[in-house]
Amino acid sequence: MEKLLLTLACGDYDRTKALQDGVVQPEGIRLNYIPLQAEEIFYRMCNHKEFDASEMSLSNYITMRSRGDRSFVAIPVFPSRFFRHSCVFINAEAGIEKAGDLKGKKIGLPEYAITAAVWIRGFLSDDFGVAAEDIHWFTGGQEQPGRKERLKLRLPPEIKVAAIPQDQTLNGLLDGGELHGLISARVPSCFAKGSPQVRRLYPDYREVEMDYYKRTKIFPIMHVLVIRSEIYEAHPWVAQSLAKAFSQAKEVCIQRMHTSNTLACTLPWLFSEIERLKSLFGPDWWPYGIEANRHTLETLMRYMREQGLMEAAMTAEELFPANVAGEYKL
C-alpha cells in the first residue's frame, strides 16, 4: 500500500535523529524530514504554510487558537524545552543588579510574543513582582535589522511595546547602552565576543534554574509539533502516527545515551549528568503527552493571559485533537 508522503520541518536534534535517518518510520507515512533553524521554520510555516507539518512556537500556536485561527493542529510532542534564566542579558551601566531593578527599564526582545519571552516575563512576575507593564519593551532584529512579530499584537494599553529603528539591531543597542537589557533565546553576539558592557543577570544560572525546577516542577516548553489542518482533516490518523514516532525517536536517543562502553555525546561526564538528571526529574526528563505536561501548559497559558497574548480562556485539552489526548491500553 502506498504510504502518505509528508514533508516535516524540524530542528536538527538528537531526540529526532532517528526520524531523520529512518531508524524510526511513522506508521503509514513516508517522511521527508527537512532540518532547519527554528526561526526559519516558524516564519515559513506561519506566513506561507510551506510544510505539511513542522515544529512551531508554542506561544504563537496558543495565541492563534485563542483567536479562533485553526490553520494548524498540534500534537503533544515538544521538540524544544529550555530553562530561560540564562537568557536575560543586561548592560553593565544600567544599574541592574537584581530582577526587581528591571522595573521602568528599556528591555529589548526579538518579538514580544516568542515563547522564551513569555516564560521569562512569567517568572519575573511570579518570583519578583515585575509585571509585563512595568517594563518598556522594544522589539526588532537581534543581529540583523528588520525583524517583526510573526503574529500581530493585540495588547492591552498598559503594556507598552515599540519597534526599534529599522536600521538598528538589539545587539548594537544593548552594547551601546541605549537598551538596558535584552531577553532572547539566542546569546547576543556582543556578549559572545566578550563585550565588557554586557553580562547575564544570572551568571550562576544553572543553580538558579535547578532551584526554579525544584520549586515549580516546570521545565519550560518552547516548541510544539503542528500539522496543517487540511492534512489532519483528510488523514486524522496522521496525528497519532507522528506522536508515536516522535516518542520512539526520543527513546532511541535516550537509549544511545546509556551506551556504557562509549560516549554517545561529546560530553566527558555524560553518565554523571544522566544520573543527576534522573535524581532531579525522575526517569523521563523530557516528557511528551498532555497529562505529564499539564502543569507546565497551564502555567504558560496563565502567563499568556497576564501578558495580553490570549484572547479566550482554554484548557490544555483544547490545544490538541481528541485522538491524541490519550492512548489505548492492552
Check which hydrophobic residues are tied to Phe138 through side-chain heavy-atom contacts below 4.5 Å, counting indirect links as well, and list them.
Phe89, Ile164, Leu170, Leu173, Leu174, Leu179, Leu182, Val187, Phe191, Val198
In terms of heavy-atom contacts, Trp285 and Pro287 come closest through C-CD, 3.5 Å
For a quick test of reading the model, state the closest non-hydrogen atom pair linking Asp52 to Leu6 and the distance between them.
OD2-CA, 3.4 Å
Say you draw a straight line from OG of Ser57 to CD of Glu111; how long is it, rounded to the nearest 0.5 Å?
8.0 Å
Grab the two heavy atoms, one from Ile96 and one from His180, that are nearest each other, plus how far apart they are.
CD1-O, 3.8 Å
Salt bridge present between Glu273 and Arg206 (N-O < 4.0 angstrom)
yes
How would you list all residue pairs meeting salt bridge (Lys or Arg N to Asp or Glu O under 4.0 Å) that involve residues 178-191, not counting sequence neighbours?
Glu39-Arg186
Would you say the rings of Tyr205 and His85 are close, in the sense that their centroids are separated by under 6.0 Å?
no
For Arg15, the salt bridge (charged side-chain N to carboxylate O under 4.0 Å, His left out) test, sequence neighbours excluded, returns none
Side chain of Lys152, backbone of Glu149: donor and acceptor closer than 3.5 Å?
no
Inter- and intrachain pairs under side chain to side chain donor-acceptor pair (under 3.5 Å), touching residues 135-146, at least two apart:
Gln142-Ser184, Glu143-Ser189
In one Ile/Leu/Val/Met/Phe/Trp/Tyr side-chain cluster, 4.5 Å: Met64, Tyr43
no
Where do Arg121 and Leu109 land on the side chain to side chain contact (heavy atoms under 4.5 Å, CB included) test, with the steps shown first?
CA-CA 11 Å; Arg121 288 191 297 264; Leu109 27 69; 3.4 Å; yes
Please report whether the ring centroid of Phe42 lies less than 6.0 Å from that of His223.
yes
Separation of Gln197 CD from Asn91 CG (nearest 0.5 Å)
5.5 Å
Indicate yes or no: at least one non-hydrogen side-chain atom of Ser66 is less than 4.5 angstrom from one of Leu309.
no
Non-neighbouring partners of Leu270 that pass side chain to side chain contact (heavy atoms under 4.5 Å, CB included), sequence neighbours left out
Leu263, Cys265, Leu267, Ile274
Run through the side-chain heavy atoms of Ile, Leu, Val, Met, Phe, Trp and Tyr, join any pair under 4.5 Å, and report what else lands in Tyr13's cluster.
none
Centroid-centroid distance, Phe219 to Phe83, less than 6.0 Å:
yes
Considering non-hydrogen atoms only, spot the tightest contact between Met45 and Ser54 and give its length.
CG-OG, 3.4 Å
Salt bridge (charged side-chain N to carboxylate O under 4.0 Å, His left out) involving Glu311 - partner list, sequence neighbours excluded
Arg67, Arg154
Side chain to side chain contact (heavy atoms under 4.5 Å, CB included) assessment of Val238 paired with Tyr232
CA-CA 7 Å; Val238 163; Tyr232 174 77; 5.9 Å; no
Point-to-point distance, once rounded to the nearest 0.5 Å, from NE2 of His295 to CG of Leu300:
11.5 Å
Is the closest side-chain donor-acceptor distance between Ser71 and Ser229 under 3.5 Å?
no
Tell me if the OH atom of Tyr202 is crowded by more than 12 foreign heavy atoms within 6.0 Å.
yes
Output all residues satisfying salt bridge (charged side-chain N to carboxylate O under 4.0 Å, His left out) with Glu233, sequence neighbours left out; order by chain, then residue number.
none
So, do Val118 and Gln307 sit near enough that their side-chain heavy atoms are less than 4.5 Å apart?
yes
With the 4.5 Å side-chain cut-off for hydrophobic clustering, are Ile114 and Met56 part of the same group?
no
Stepwise side chain to side chain contact (heavy atoms under 4.5 Å, CB included) check, Leu4 with Arg30
CA-CA 6 Å; Leu4 179 67; Arg30 185 158 56 93; over 6 Å; no
Would you say that Glu275 contacts Ser279 through its side chain, given a criterion of any heavy-atom pair below 4.5 Å between the two side chains?
no
Between Thr169 and Gly172, is there a donor-acceptor pair closer than 3.5 Å when you use the side chain of the first and the backbone of the second?
yes
Pair Arg256, Asp14 - check salt bridge (Lys or Arg N to Asp or Glu O under 4.0 Å), show working.
CA-CA 10 Å; Arg256 287 172 176 169; Asp14 61 350; over 6 Å; no
Heavy-atom nearest pair, Arg44 first then Leu36, reads NH1-CD1, 3.7 Å
Tell me whether Arg302 is salt-bridged to Asp126, with the criterion being a basic N under 4.0 Å from an acidic carboxylate O.
yes
Got Tyr288 and Leu225 here, is their nearest side-chain heavy-atom distance under 4.5 Å?
no
Salt bridge check: are Lys105 and Asp134 linked by an N-O gap of less than 4.0 Å?
no
Any side-chain heavy atom of Val73 within less than 4.5 Å of one from Val226?
no
I need the full list of salt bridge (Lys or Arg N to Asp or Glu O under 4.0 Å) pairs touching residues 68-87, with sequence neighbours left out, sorted by first then second residue.
none
If we only count heavy atoms from C-beta on, is the Gln20 to Pro35 side-chain gap below 4.5 Å?
yes
Is the number of heavy atoms from other residues, nucleotides or ligands within 6.0 Å of CD (Gln37) greater than 12?
no
Donor-acceptor pair, distance only, cut-off 3.5 Å: does the side chain of Asn323 make one with the backbone of Pro236?
yes
Please find the pair of heavy atoms, one from Val324 and one from Gln240, that lie closest to each other, and give the distance.
CG1-N, 3.8 Å
Step-by-step side chain to side chain contact (heavy atoms under 4.5 Å, CB included) determination, Phe281 to Tyr213:
CA-CA 9 Å; Phe281 292 91; Tyr213 180 78; 3.4 Å; yes
Do the side chains of Arg215 and Asp211 get close enough for a salt bridge, i.e. N-O under 4.0 angstrom?
yes
Pairs involving residues 278-288, ordered by first then second residue, that meet salt bridge (Lys or Arg N to Asp or Glu O under 4.0 Å) (sequence neighbours left out)
Lys250-Asp284
Salt bridge (charged side-chain N to carboxylate O under 4.0 Å, His left out) partners of Glu251, counting only residues at least two apart
none
Would you please say whether a donor-acceptor pair under 3.5 Å links the side chains of Thr315 and Glu318?
yes
Pairwise salt bridge (Lys or Arg N to Asp or Glu O under 4.0 Å) hits with a residue in residues 193-205, at least two apart:
Glu97-Arg199
Heavy-atom side-chain proximity of Val252 to Val24 below 4.5 angstrom:
yes
Atom NZ of Lys217 with >12 non-hydrogen neighbours under 6.0 angstrom:
yes
Has the side chain of Tyr303 got a donor or acceptor atom that lies under 3.5 Å from a matching backbone atom of Ser125?
no
Where the side chain of Asn293 meets the backbone of Gly289, is there a donor-acceptor pair that is under 3.5 Å apart?
yes
Heavy-atom side-chain proximity of Leu155 to Tyr112 below 4.5 angstrom:
yes
